[in-house]
Protein chains: 2
Amino acid sequence: MFELRLVQGSLLKKVLDAIKDLVNDANFDCSSSGFSLQAMDSSHVALVALLLRSEGFEHYRCDRNFSMGMNLNNMAKMLKCAGNDDIITIKGDDGSDTVTFMFESPTQDKIADFEMKLMDIDSEHLGIPEAEYQAIVRMPSAEFARICKDLSSIGDTVVISVTKEGVKFSTRGDIGSANIVCRQNTTVDKPEEATVIEMNDPVSLTFALRYLNSFTKASPLSNTVTISLSSELPVVVEYKIAEMGYIRFYLAPKIEEDEEETKP
Amino acid sequence: MFELRLVQGSLLKKVLDAIKDLVNDANFDCSSSGFSLQAMDSSHVALVALLLRSEGFEHYRCDRNFSMGMNLNNMAKMLKCAGNDDIITIKGDDGSDTVTFMFESPTQDKIADFEMKLMDIDSEHLGIPEAEYQAIVRMPSAEFARICKDLSSIGDTVVISVTKEGVKFSTRGDIGSANIVCRQNTTVDKPEEATVIEMNDPVSLTFALRYLNSFTKASPLSNTVTISLSSELPVVVEYKIAEMGYIRFYLAPKIEEDEEETKP
DNA sequence: CTCGACCCTA
DNA sequence: TAGGGTCGAG
């Protein structure tokens with residue numbers, strides 16, 4: 001038996017909006033430490049890791065660890081029926097093949113319960129090692145989203161290059177090419193508007209814009225995004241979820257095709 | 001000769017937005033008591049009844065009773081050309097096959113007149129008997145609209161059950177099921193936010209959500225909606241039109257298919 | 001946060 | 001053409 005009560009229900013709505021286009025079906029894992037999910041996207045290229053810590057819930061009861069396979073589109077459909085300031089409770093029983101989402105309006109005048117069928121999903125749960133990154137960029141999530149959207153109208157891939165001075169996003173396509181440079185800038189009014197670069201080594205990596213654009217669907221969850229880069233490692237695009245945890249997207253860099261052109 | 005002058009022209013615009021998707025062609029009936037319409041929807045399942053009392057018009061002249069057959073989509077098209085605070089005058093002559101809509105801007109700087117061809121429509125005017133209902137629910141129209149929309153993403157039909165405590169909307173579909181309970185609540189700041197239940201007998205009836213969702217197009221006309229239910233009678237979904245009358249939608253309940261499962 | 005207007009897609 | 005989403009304003 002488990003019961004998780006989340007006062008800020010809109011968070012869960014945003015989480016599902018953020019991942020439902022990337023992942024069709026996934027197991028949610030429930031343990032005493034929190035509610036989490038790890039899944040590959042449907043083309044098996046990107047990985048999503050979500051964590052909502054138990055401390056972030058108003059009430060968190062989980063008698064034993066278990067997984068629930070959900071169709072994320074159906075789950076998102078049900079969560080759309082919750083008001084933005086509704087309190088959402090997720091509950092279920094051991095061995096049941098359904099999960100219940102309960103929505104309480106702030107005034108308690110309207111109480112809805114939605115029961116969703118669970119599904120069997122076999123998933124390999126990969127351990128993701130904590131790594132040292134050559135560079136970590138923190139910037140406003142809306143700005144990152146805008147850049148990825150803009151560049152994808154020119155090219156399919158982006159080269160992200162980090163130096164001490166700033167981060168450069170470059171693309172190239174049939175109609176031309178583009179470079180967008182964001183300088184490190186910590187002297188802004190609000191800290192969430194800052195662009196901060198922590199760099200051990202300069203790094204320059206290429207990624208498919210298609211996936212980055214999917215990741216930016218998580219922008220409503222956080223004003224800032226953190227992009228962690230190392231050669232030979234998947235980039236991590238992280239959106240913190242206030243008081244609760246994070247949603248992280250992993251994407252392997254492309255091997256630069258430019259080298260083809262360098263060959264004899 | 002008739003001439004109806006309506007100061008709050010936006011009312012008429014909203015009325016047409018509310019019914020034009022449900023009914024294609026209909027006869028408007030003009031008499032000394034008011035301007036009214038009664039029509040079946042195009043699939044002959046639901047019925048719309050509109051009344052705009054003569055007292056609600058600034059000027060109302062109707063020499064003798066008559067009907068005008070109008071294509072509601074064309075009428076809506078013309079009314080879209082009126083500003084939201086225009087004064088609308090509807091006028092015509094006996095035996096003419098056209099009707100004229102005149103729009104005056106509040107400042108009188110712009111005066112438009114639109115002439116529309118009438119059409120011959122044979123309609124049986126059903127007398128709708130006033131009935132006693134087992135239960136009458138009054139609730140905010142926006143809330144009713146939201147519930148019907150939300151539930152239609154899960155199932156096709158809704159069971160509306162009324163008890164003294166509240167009204168429950170339930171549905172069931174492939175991906176799961178849902179129940180939304182609205183408690184009776186009269187202790188709100190504004191009377192139009194109240195949910196009020198007048199119940200003689202508990203009642204539970206099933207309706208096609210598709211039609212209810214059409215009915216909720218009338219929500220802009222009124223902050224509240226009244227739902228009158230009795231076994232074996234069509235439900236009445238009524239939106240009052242301030243100072244003027246009402247728009248009422250009638251829909252027969254579905255015979256519960258669950259009974260099939262009870263049979264041997 | 002709710003409402004309305006506009007835009008866009010299905 | 002209708003429905004959903006987003007954006008902007010109250």
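In what follows, chains carry the letters A, B, and so on, assigned in the order in which the sequence lines appear, proteins first and then strands, with residues in each chain numbered from 1.
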Taking only side-chain nitrogens and oxygens of B:K217, does any of them come within less than 4.0 Å of OP1 or OP2 of D:dG3?
-> yes
Does atom [atom1] ([X]) have a neighbourhood of more than 12 heavy atoms from anything else shown, all under 6.0 Å?
| X | atom1 | answer |
| --- | --- | --- |
| A:N179 | CG | yes |
| B:R172 | CZ | no |
| B:R183 | CZ | no |

A:F28 ring center within less than 6.0 Å of A:F35 ring center = yes
Can the ring centroids of B:F114 and B:F103 be said to lie less than 6.0 angstrom from one another?
-> yes
Quickly work out the [X] [atom1] to [N] [atom2] distance and round it to whole Å.
| X | N | atom1 | atom2 | result |
| --- | --- | --- | --- | --- |
| B:N213 | D:dG4 | CG | C1' | 13 Å |
| B:N24 | D:dA2 | CG | P | 10 Å |
| B:L72 | D:dT1 | CG | P | 15 Å |
| A:Q8 | C:dC1 | CD | C1' | 13 Å |

Residue whose nearest DNA chain D nucleotide is more 5′ - B:K77 or B:K149 = B:K77
Contact nearer the 5' end of DNA chain D, comparing A:K80 with B:K20 | B:K20
Work out which heavy atom in A:Y211 is nearest to a heavy atom in A:A46; give both atom names and the distance.
-> CD2-CB, 4.1 Å
Summarise how protein sits on nucleotides 2-10 of chain C as a single string, 5' to 3': B when a protein heavy atom is under 4.0 Å from the base, S for sugar-phosphate-only contact, - for no contact.
-> ---S-----
